Protein chains: 2
Amino acid sequence: MAQNRRRPTRQRTAVQALLEQTDDFSSAQELHARLRASGDAVGLATVYRTLQAMAADGDVDVLRTDDGEAAYRQCSTGHHHHLVCRTCGATVEVEGPAVEKWSERVATEHGFTDVHHTLEIFGTCADCARAARSS
Amino acid sequence: MAQNRRRPTRQRTAVQALLEQTDDFSSAQELHARLRASGDAVGLATVYRTLQAMAADGDVDVLRTDDGEAAYRQCSTGHHHHLVCRTCGATVEVEGPAVEKWSERVATEHGFTDVHHTLEIFGTCADCARAARSS
DNA sequence: TTTGAAGTTGACAATCATTCTCATTTAAGC
DNA sequence: GCTTAAATGAGAATGATTGTCAACTTCAAA
Ligand SMILES: [Zn+2]
Ligand SMILES: [Zn+2]
Ligand SMILES: [Zn+2]
Ligand SMILES: [Zn+2]
């Protein structure tokens with residue numbers, strides 16, 4: 001994977017701390033704005049670089065929203081997928097051993113190697129469904 | 001879903017025809033360039049609009065490449081997923097009934113409704129693996 | 001602790017896919 | 001043919017992401 005030769009700078013620490021307080025997937029822009037608002041400002045480019053480095057190191061998960069923006073989240077370690085509310089962003093980590101096996105089998109059957117997959121489930125969470133109904 | 005009130009224009013026809021000859025997932029930019037090269041030029045904005053309309057109508061599949069670009073492909077009808085070579089773009093349509101059930105069950109268990117999912121498998125196809133080995 | 005190489009940062013410019021605008025065409029129905 | 005709403009396209013605008021590069025830190029050797 002990647003060298004964990006990252007230096008512990010104020011900026012990196014600030015980004016990590018913010019991610020720890022955050023439960024939803026957030027874009028680099030959002031995180032940057034929140035850092036600035038909290039007085040712990042970090043340059044936008046640095047936010048991007050830090051998040052990408054963390055993703056490369058496997059310290060955060062990334063997914064692409066419907067409109068193609070990258071969103072990051074501090075997740076538990078180990079391979080898993082996400083159930084994401086497309087309204088409020090609430091996120092649940094889910095695991096599916098069967099899916100993992102299926103995906104690997106399918107790839108092998110077709111002669112593919114060096115395989116990885118993306119799997120995200122989007123929907124409306126109970127809270128948002130309720131809110132929508134009573135409006 | 002969407003009204004199929006689309007007008008059969010030269011442009012729309014050209015895009016559809018091109019998609020029919022194309023086996024790989026292609027970006028709007030790529031398709032636009034190929035149309036222009038083939039003399040059957042269509043405005044870039046129109047290519048975008050047409051592809052989005054076709055996607056909304058379920059006539060083409062869309063996926064996001066690793067760098068966030070939308071790629072389109074004329075697929076068989078019915079719900080399925082893709083096994084895509086990240087080097088040459090070769091694409092295989094795959095189905096996984098077990099995955100469908102799992103995804104629905106997981107969503108229901110967490111109170112999510114109006115659910116859909118994205119699942120793509122990326123890897124290196126046999127041909128590309130061979131080519132890489134002999135270089 | 002001083003010091004220098006190497007990693008980091010940030011303001012700002014540059015990219016580049018995608019969307020928007022709006023004047024001009026075109027298909028559909030009468 | 002005539003009317004009208006949909007469709008088109010050239011070019012501007014948007015907006016996320018990346019590139020640039022001088023200034024700033026960290027680290028560890030001296
Ligand atoms: Zn919600
Ligand atoms: Zn998985
Ligand atoms: Zn290939
Ligand atoms: Zn599916």
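So you know, we letter chains A, B, ... as the sequences are listed, proteins then strands, and number each from 1. This structure is a prediction, so every number in the text was calculated from the model and none was measured.
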Distance, rounded to the nearest Å, where B/His32 contributes NE2 and D/dG9 contributes C1': 9 Å

Atom-to-atom span, CZ of A/Arg36 to P of C/dA11 - whole angstrom: 8 Å

DNA chain C contacts among residues 11-26 of chain B, heavy-atom distance under 4.0 Å: none

Nucleic acid footprint by protein, nucleotides 19-30 of chain D - heavy-atom cut-off 4.0 Å, B for base, S for sugar-phosphate alone: BB----BBS---

Distance in angstrom units between A/Leu51 CG and C/dG10 C1', rounded: 16 Å

B/Arg86 side chain to A/Asp114 backbone, donor-acceptor under 3.5 Å: yes

A/His116 and B/Phe122 aromatic ring geometry - parallel, tilted or perpendicular at 30°/60° bounds: parallel

Whole-Å distance separating the CZ atom of B/Arg6 from the P atom of D/dT8: 10 Å

Enclosure of A/Glu95 CD (heavy-atom neighbours >12, cutoff 6.0 Å): no

Criterion side-chain contact (heavy atoms from CB on, under 4.5 Å) on A/Thr50 and A/Tyr72, from CA distance to verdict: CA-CA 11 Å; A/Thr50 302; A/Tyr72 301 84; over 6 Å; no

Side-chain donor or acceptor of B/His81 paired with backbone N/O of B/Leu119 under 3.5 Å: yes

B/Arg34 versus B/Thr22, side-chain donor and acceptor atoms under 3.5 Å: yes

5′-ward residue of the pair A/Leu44/B/Ala28 relative to DNA chain C: A/Leu44

B/Val42, nearest nucleotide to its side chain (from D/dG9, C/dG10, C/dA17): D/dG9

Touch class at under 4.0 angstrom, heavy-atom based, for B/Gln52 against every strand present: sugar-phosphate

Residue-phosphate contact under 4.0 Å: B/Tyr48 side-chain N/O, C/dT18 OP1/OP2: yes

Whether B/His117 side chain and B/Val115 backbone form a donor-acceptor pair below 3.5 Å: no

Nucleotide D/dT14, atom P - distance to CG of A/Asp67 in whole Å: 18 Å

Salt bridge A/Asp23-A/Arg73, side-chain N to carboxylate O under 4.0 Å: yes

Distance, rounded to the nearest Å, where B/Glu69 contributes CD and D/dA16 contributes C1': 13 Å

Verdict with supporting geometry, A/Thr108 and A/Arg105, side chain to side chain donor-acceptor pair (under 3.5 Å): CA-CA 5 Å; A/Thr108 305; A/Arg105 180 167 52 74; over 6 Å; no

Gap between atoms CZ and P, on A/Arg64 and D/dT17 respectively (whole Å): 6 Å

Presence of B/Thr46 side-chain N/O under 4.0 Å of D/dA7 phosphate oxygens OP1/OP2: no

Between D/dA7 (C1') and B/Met54 (CE): distance, integer Å: 16 Å

